[in-house]
Amino acid sequence: MVTGPYQAAQARLDLEEPQEGQVRAVPVLVPLALEEAYDYQPPEGEAPPPGTFVRVPLGSARRIGVVWGAARTADVAPKKLKSIIEVLDVPALPAVSRRLVDWVANYTLSPRGMVLKMMMSAPRAFEPEGPRFGYRAAGPPPDRMTPAREKVLNVAADGAVRAKAELAREAGVSAAVIEGLAAAGSLIRVEMPPPRPALPDPEHAPPELAPEQAEAAGKLIDAVRRGGFSVCLLDGVTGAGKTEVYFEAVAAALARGQQVLILLPEIALTSQFLDRFAKRFGCRPMEWHSAMGAAERGRIWRAVAKGEARAVAGARSALFLPFADLGLTVVDEEHEQSFKQEDYVRYQARDVAVVRGKLGKHPVILSSATPSIESVVNARQGRYEHVRLTSRYAGAALPDIRAIDLRADPPERGRWLSPALVSAVRDTLAADKQALLFLNRRGYAPLTLCRACGYRIECPQCSATLVEHRARGKLTCHHCGFVLPRPGDCPACGVSGKLVPCGPGVERVAEEVAERFPDVPAAILSSDFTTNLSEVRETIARISSGKARIVIGTQLVAKGHHFPGLALVGVVDGDLSLAQGGDPRAAERTFQLMQQVIGRAGREESGGVGLIQTHAPDHPVMRALISGDRDTFLAREIAAREAAVLPPFGRLAAIIVSAGAKPEAERYAQALAKAAPPAARIEVMGPAEAPLVLIRGRYRYRLLVKAPRNVDLQAFLRAWMDRAPLAKGSVRVIIDVDPYSFL
DNA sequence: AGCACGCCGACT
DNA sequence: GTCGGCGTGCTC
């Protein structure tokens with residue numbers, strides 16, 4: 001029996017056939033937080049088939065939606081039915097995409113309209129394409145010639161039509177020069193044909209693969225040629241050449257005329273990766289990530305829908321592009337936790353990529369040097385094919401990893417680098433190599449303390465201390481973005497000159513490096529919400545070219561960049577990410593992060609060294625890292641997860657209750673827990689205060705649901721939410737299926 | 001996401 | 001008495 005909206009949503013997945021005498025209507029899903037498609041009367045003539053993009057009236061507004069089925073879904077009073085305004089001239093949303101919306105909405109317990117919204121996140125794609133204009137040489141040279149104008153005219157001398165931005169870039173001048181020349185009559189503005197996306201050529205530059213690589217590539221190519229759904233875990237040590245290997249599978253799919261999607265963590269979408277692709281296939285893939293402009297998004301969305309975009313490299317949201325004929329998805333760095341989206345629709349892109357492969361009947365490749373426990377278990381249980389690469393190419397050896405016991409060999413007071421690490425850096429520089437110091441903490445210091453009154457400077461909106469960013473002269477909150485100019489006097493007691501920064505961030509380590517190695521060029525590589533993508537790309541280029549000799553970096557450095565001259569990696573605080581209490585993936589994440597970051601060393605030739613500063617050199621994670629014994633670590637971790645029925649052996653869902661006032665949040669969370677339906681094999685834990693109780697002015701309580709793998713967790717959650725008390729006032733409830741963050 | 005409806009404080 | 005604050009619910 002259908003008892004509430006959550007279950008009703010599930011029940012209506014089975015569409016009814018139209019009945020005699022009923023008004024003709026089709027369901028249209030609009031990209032809003034709506035669970036259901038609404039029925040509309042079709043325009044004149046035939047009813048548009050499912051997938052058609054249509055404009056419909058909704059309330060007083062007009063919205064673009066998608067025809068979601070062949071027959072009306074619910075018994076709405078006929079006089080309530082409105083008519084479709086128009087059918088849009090946009091390729092229909094493919095059936096696979098529509099089924100993906102339904103699947104993701106059902107799995108994450110998100111309104112279907114919200115998931116559709118992700119699929120339509122390119123508003124320009126639905127507007128008619130305006131004509132594009134370009135410039136070509138024409139007429140006499142201008143009366144006043146300048147060096148900049150000369151450069152432009154030289155470039156334009158070939159008579160080709162170029163877009164304004166392109167011409168300016170090629171000539172190395174600003175767009176204003178072009179406008180000036182056009183006004184002077186030396187350039188003429190002409191309409192350009194819409195650009196054809198470049199076609200990647202699978203035969204452009206096939207690589208020479210080592211025997212092990214060739215064998216691995218063979219398996220992946222087989223899966224592509226065979227067609228149909230399969231998942232392959234491509235598991236190879238850093239520097240084993242996984243990218244070259246999966247590029248061969250990409251080539252096979254392109255050769256079959258199919259589209260290819262390569263998912264990367266957002267920050268790994270560097271020009272380094274795009275250039276590598278271009279070297280192999282003759283042109284760059286299309287990019288898809290959050291930093292793209294509206295026009296660009298629209299163009300790419302359309303190109304993907306028409307099947308003209310053959311290869312797309314994108315961040316997790318690229319999964320929701322309307323591929324016309326996707327033949328292969330690659331998830332690179334599949335272990336990356338950033339594939340989990342933590343807001344709006346909370347989905348794990350790696351898992352959705354696999355589901356999309358299943359729905360679209362095509363292979364999926366998961367690639368990593370440090371695969372997730374989930375994927376390793378799937379491979380062991382035979383659900384995924386496991387393809388391993390064990391040797392680094394060109395004889396490069398894996399780095400030699402050692403621990404520096406901070407208890408025995410501590411840094412001086414107020415310093416963060418131990419004598420052993422400092423001397424290792426010195427040796428590395430003497431050998432004309434690069435050194436990387438890794439600390440997963442942005443800014444200068446994570447805490448500012450008043451020595452007069454003991455006050456810790458905290459965020460007014462979050463239960464967190466403000467982090468000093470000295471270069472910008474600011475204290476900021478890493479949870480909400482709150483910014484405070486660095487005060488001279490204590491905000492609590494007003495005493496001046498007694499504020500002291502406590503603990504290190506990358507900026508502070510960089511300061512220590514500058515003191516110890518005053519003449520050595522250094523670079524900080526840190527992901528900051530204020531630094532933009534191009535800035536980060538520039539820094540990465542400066543490092544890979546060898547201009548920076550010492551690199552101080554956060555997480556960002558671990559993400560698949562290739563730094564040829566790097567011989568030493570020093571981990572400043574090896575204990576930092578282990579200390580995440582309550583997070584079942586803390587050990588796994590630490591192991592992956594350390595392996596990835598240390599794997600940056602010695603990729604070109606042997607002799608890479610990794611040094612981890614730690615207070616717990618005997619911790620199992622540290623021992624596994626030092627001995628390089630991944631299999632023992634995995635066996636331990638997998639056994640522990642299995643015993644505790646944690647993912648992937650069990651399923652988790654977090655319920656986060658938040659409100660503007662603490663008692664309100666707590667009261668509702670407790671009422672919610674009481675309303676949980678009885679279920680023998682499902683455990684509901686909490687509510688408990690979230691580790692970060694307050695974020696953005698909202699107090700948060702968490703509940704955790706744990707169930708065995710074969711239990712329908714979504715059905716349980718739906719039944720629960722349908723009988724839950726109404727959330728009143730400022731109370732909000734968020735359901736996070738398969739949570740990755742436990743804060 | 002908009003937008004209308006509805007129930008409590010400072011105004012003509 | 002009314003204007004208007006934004007909390008709540010509906011949009012086929």
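The figures that follow rest on heavy atoms only: side chains count, while hydrogens, waters and symmetry mates do not. Chain letters run A, B, ... following the sequence lines, proteins first and then strands; every chain starts at 1.
Aromatic ring centroids of Trp288(A) and Phe323(A) lie 6.0 Å or more apart.
A side-chain donor from one of Glu334(A) and Ser372(A) sits under 3.5 Å from a side-chain acceptor of the other.
Between Tyr344(A) atom OH and dA1(B) atom P there is a gap of 7 Å when expressed in whole angstrom units. Put simply, CG on Leu726(A) is 16 Å from P on dG7(C), counting in whole angstrom units. One interatomic measurement links the two molecules: CE of Met118(A) to P of dA1(B), which rounds to 13 Å at whole-angstrom precision. If you measure from atom CG of Leu32(A) to atom C1' of dG2(B), you get 8 Å, rounded to the nearest angstrom. Rounding to whole angstrom units, OH of residue Tyr38(A) and C1' of dC10(C) are separated by 7 Å. In this structure, the CG atom of Leu116(A) is 20 Å from the P atom of dT11(C), given to the nearest Å. The interatomic distance linking Leu58(A) (CG) with dA4(B) (P) rounds to 13 Å, in whole Å. Nucleotide dG7(C) holds its P atom 12 Å from the CD atom of Glu664(A), rounded to whole Å.
Using a 30° and 60° split on the angle between ring planes, His478(A) and His469(A) fall in the perpendicular class, above 60°. Trp103(A) and Tyr107(A) have parallel rings, their planes meeting at less than 30° on a 0 to 90° scale where 60° marks the start of perpendicular.
Pro31(A) comes within contact range of no nucleotide atom at all, as no heavy-atom separation falls under 4.0 Å. If you check every strand for non-hydrogen atoms under 4.0 Å, Gly113(A) touches nothing.
Considering only the side chain of Lys80(A), dT11(C) comes nearest among dA1(B), dT11(C), dC3(B). In this structure, the nucleotide among dA1(B), dC12(C), dC3(B) sitting nearest to the side chain of Ser60(A) is dC3(B).
Between Phe742(A) and Leu704(A), the closest side-chain pair of non-hydrogen atoms falls below 4.5 Å.
At dG7(C), none of the side-chain N or O atoms of Lys728(A) fall inside 4.0 Å of OP1 or OP2 (strictly under the cut-off). For dC12(C), the OP1/OP2 oxygens have a side-chain nitrogen or oxygen of Lys82(A) closer than 4.0 Å. Taking only side-chain nitrogens and oxygens, Arg63(A) comes nearer than 4.0 Å to OP1 or OP2 of dG2(B). OP1 or OP2 of dC12(C) lies within a sub-4.0 Å distance of a side-chain N or O belonging to Tyr40(A).
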